[in-house]
Novice: 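Here it is, the structure in full.
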Number of protein chains: 2
Amino acid sequence: MTKQRAVILEVIRSDMCHHTAEEIFTLAKERLPGISRATVYNNLKVLEAEKLIRRITGDSLSDRYDNSYIPHGHMICEECGGVKDFNLEGFDKMISEAIGSDFNSYELKVRYLCDACKAREGKCG
Amino acid sequence: MTKQRAVILEVIRSDMCHHTAEEIFTLAKERLPGISRATVYNNLKVLEAEKLIRRITGDSLSDRYDNSYIPHGHMICEECGGVKDFNLEGFDKMISEAIGSDFNSYELKVRYLCDACKAREGKCG
DNA sequence: AATGGTTTTTAGACTCATTCTAAATTAATT
DNA sequence: AATTAATTTAGAATGAGTCTAAAAACCATT
C-alpha cells in the first residue's frame with residue numbers, strides 16, 4: 001500500500017459520490033501534486049481486484065467508482081443524471097435460481113425520473 | 001426506413017449474438033459495401049430511440065446491441081466472455097418497490113462461470 | 001418529371017477515456 | 001549496502017464513439 005494508493009482510496013471513501021477516474025485524479029492531486037493519471041488508473045484496477053472498490057460502467061462516457069464492493073443497485077435519473085444506491089432484499093438468491101448457478105457479482109442499473117425532476121416536469125424554465 | 005437502416009436492423013436480428021457496432025458495420029458492409037461507419041452509429045441510436053434494439057454497456061470495451069428492447073438480464077461468463085439472456089419472474093414489481101417509484105428501464109448483468117468453463121477448471125491445456 | 005426542402009449518408013477529422021511503454025523511483029529482501 | 005521486484009511517472013498510442021460539411025436520397029407539391 002503506497003501513499004498514492006492510500007490517497008486514492010481515501011478520496012473514494014471521503015464521500016458517497018460515484019466519481020470518475022478523472023475526478024479522482026483531480027482530488028488526489030490536491031494532496032499529492034505530483035501524482036500521475038496512470039497511477040490513478042493502475043490503482044483503481046488494483047483496488048478493484050482487492051475488492052475494496054467497485055467499478056460501475058456505462059452510466060456516462062467514463063467509468064465511475066463505488067466505495068463499496070458489495071453488490072447493490074444503482075438508480076439513475078434520466079433527467080439530471082444523479083445516481084443513488086439501493087438494495088434488493090433476497091436478490092442474490094433470486095438471481096442464482098434464475099441462472100441456475102452461483103455467480104460472482106452483478107451490476108444493476110435502473111433508469112427512472114427522480115422526485116426533484118418529476119416535480120419540475122412540464123414547468124417552464 | 002432507409003435501406004441502410006433496414007440492413008443494420010436485419011443484421012442485429014439475424015442471430016442471438018450481442019454484436020458491437022464494429023461487428024455490425026462489418027456485417028452490414030457485406031450487403032452494402034459502400035456503407036459508412038457513421039451511418040451505423042447514427043442508426044444504432046435511431047433504432048434504440050425507436051425501441052427496436054437495446055444498447056448494453058460495459059461488458060467489453062465497446063457497447064453491444066441486443067435485438068430485443070424488452071428488459072431482461074444478461075449472464076456473462078468471466079472466463080470465456082459468453083453472454084446469455086435470462087429472465088426474472090416478477091422483477092419489475094420488485095424494483096419498483098425497492099426504489100419507491102416507477103422506472104423507465106433497467107440493465108442487469110450477472111458475472112458467473114458458465115458450465116463449459118466450470119468443466120474445464122483445473123484441467124491442463 | 002421538375003422544384004424545393006428536409007433527412008440521411010458519407011469520409012474523414014476529431015475527441016477523450018483508457019491503456020501502453022520505457023525510464024526513473026521506491027520499497028522489500030538478502 | 002546491493003539486488004531484486006514492484007510502483008510511479010510522463011507522454012505516446014489506441015480505439016470507441018462523435019462531429020462536420022458536402023453529396024446523395026427522399027418527399028411532397030406543382
Novice: Quick one: how far along DNA chain C does chain A reach, first to last nucleotide 5' to 3', anything under 4.0 Å to a heavy atom?
Specialist: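 Contact boundaries, 5' end first: dA17(C) to dC20(C).
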
Novice: Would the number of heavy atoms belonging to other residues, nucleotides or ligands and lying under 6.0 Å from CG of Asn104(B) be above 12?
Specialist: yes

Novice: Donor-acceptor check, side chain of His72(B) to backbone of Ile70(B), threshold 3.5 angstrom: yes or no?
Specialist: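 Yes: the side chain of His72(B) pairs with the backbone of Ile70(B).
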
Novice: Is the backbone of Arg37(B) close enough, under 3.5 Å, to the side chain of Lys29(B) for a donor and an acceptor to pair up by distance?
Specialist: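 Not a single qualifying donor-acceptor pair exists.
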
Novice: With a cut-off of 6.0 Å (strictly less than), are more than 12 heavy atoms of other residues, nucleotides or ligands near CG of Asp85(B)?
Specialist: yes

Novice: Please confirm whether the backbone N or O of Asp92(A) pairs with a side-chain atom of Ser96(A), one donor and one acceptor, at under 3.5 Å?
Specialist: yes

Novice: What is the separation between atom CZ on Phe25(A) and atom P on dG11(D), rounded to the nearest whole Å?
Specialist: 11 Å

Novice: Does dA25(D) have OP1 or OP2 under 4.0 Å away from a side-chain N or O of Gln4(B)?
Specialist: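 Answer is no, no contact under 4.0 Å.
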
Novice: Is the backbone of Ile53(A) close enough, under 3.5 Å, to the side chain of Asp66(A) for a donor and an acceptor to pair up by distance?
Specialist: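 Checked: no pair found.
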
Novice: Validate the cation-pi geometry between Arg55(A) and Tyr65(A): distance from NZ or CZ to the six-membered ring centre under 6.0 Å, angle to the ring axis within 45°.
Specialist: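 No, a cation-pi geometry is absent between Arg55(A) and Tyr65(A).
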
Novice: Restricting both atoms to N or O, compile the protein contacts to nucleotides 15-23 of chain D shorter than 3.5 Å, with distance only.
Specialist:
from    : atom 1 : to       : atom 2 : distance (Å)
dG17(D) : OP1    : Asp63(B) : N      : 2.8
dG17(D) : OP1    : Asp63(B) : OD2    : 3.2
dG17(D) : OP2    : Tyr41(B) : OH     : 3.2
dT18(D) : OP1    : Lys45(B) : NZ     : 3.3

Novice: Tell me what Thr39(A) touches on the nucleic acid: a base, only sugar-phosphate, or nothing, going by heavy atoms under 4.0 Å.
Specialist: base

Novice: Does any non-hydrogen side-chain atom of Arg13(B) lie less than 4.5 Å from one of Leu52(B)?
Specialist: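 Yes - at least one pair of side-chain heavy atoms lies under 4.5 Å apart.
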
Novice: Expressed in angstrom and rounded to an integer, what is the separation of Met1(A) atom CE from dT8(D) atom P?
Specialist: 10 Å

